[in-house]
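Both ligands and their constituent atoms are indexed starting at 1 by order of listing.
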Amino acid sequence: MKHAAKKRIAQPVALVTGFDPFGGETINPSFEIARALDGETIAGHRIVGAELPTEFARSLPALDAFLRKHRPALVIALGQAGGRSGISLERIAVNLIDARIADNAGAQPVDVRIVENAANAYFSTLPVKAMLSALRAANIPAELSQSAGSFVCNHVFYGLMRRLVRTRHAVRGGFIHVPFLPEQAQNSPGTASMPLVTMIAALRLCLETALTTKDDLHYAAGATH
Ligand code: PCA
């Protein structure tokens, strides 16, 4: 009998991206979380943690390379939102750039579309309310957010959702903003922060929930902002 080739069923991948530091910071909690989770297995999925540049021009090509290489079943992109106090589950990516500061390549586009003649917005396809419930049950400060801003994070969120909707519609994806780390907030009294261990635990819960929840919950969690 012919020697049967051992069939290795590849473990499905969940991709978690974070950004490099920007705006004068020397660390970005979003990439620290992605780095910490890299290689873990959650709900049968191998977590791949990856870094994106905080640059309008290079961030989406970098994301494309990771999507091609890992063919993930789920994608959660992370970014730092200094000043926010909890884990911020983003719902809406909007087709707009209005950069308050220059990106890491010195680019500062104002009032331009991410993609001309394309959808104004995309929704996250993550079960954000189930994730919110899981975080709150674990006593981790969290909220839903209706805006990921108009800088590189929203740019990547919009680009991610557009790619998934158009070419990988079985793949779920979305975006989560995280607060400053305590060391980033220590010189600005009153600025909110969250320890890295708490953020990592939060992301484990988010991944577990997203990988095991088919239909999202429905309860009132909206806001007037
Ligand atoms: N936060 C920025 C871009 C990179 C990051 O971590 C943002 O909120 O747009």
- Item | Ligand-side contact atoms (ligand 1) for residue partner G79, heavy atom cut-off under 4.0 Å | 6 (O)

- Against heavy atoms of F151, which atoms of ligand 1 measure under 4.0 Å? 2 (C), 3 (C), 7 (C), 9 (O)

- Query: For C153, is at least one N or O under 3.5 Å away from an N or O on ligand 1?
  - Reply: yes

- Message: Does atom CZ (R71) have a neighbourhood of more than 12 heavy atoms from anything else shown, all under 6.0 Å?
- Response: no

- Query: Near Q80, which atoms of ligand 1 are under 4.0 Å from a heavy atom of that residue?
  - Reply: 1 (N), 2 (C), 5 (C), 6 (O), 8 (O)

- Message: Students often mix this up, so state it plainly: with edges at 30° and 60°, are the rings of F151 and F56 parallel, tilted or perpendicular?
- Response: perpendicular

- Query: Quick one: does T54 get an N or O within less than 3.5 Å of an N or O on ligand 1?
  - Reply: no

- Applying side-chain hydrogen bond (donor to acceptor under 3.5 Å, both in side chains), run through N28 and D20 and close with a yes or a no. CA-CA 6 Å; N28 189 325; D20 61 357; 5.9 Å; no

- Note on the structure: Tightest non-hydrogen contact, residues P72 and F66, listed as CD-O, 4.5 Å

- Item | Main-chain N/O of V94 paired to N154 side chain as donor or acceptor, under 3.5 Å | yes

- Item | Contact (N/O only, under 3.5 Å) between N28 and ligand 1 | yes

- Query: Where's the contact between H177 and ligand 1, heavy-atom distance under 4.0 Å: side chain, backbone, both or neither?
  - Reply: side chain

- Applying a 4.0 Å heavy-atom criterion (strictly less than), which segment of L78 is in contact with ligand 1: side chain, backbone, both, or neither? neither

- Between E40 and the options R46, R204, H45, the side chain to side chain donor-acceptor pair (under 3.5 Å) test singles out R204

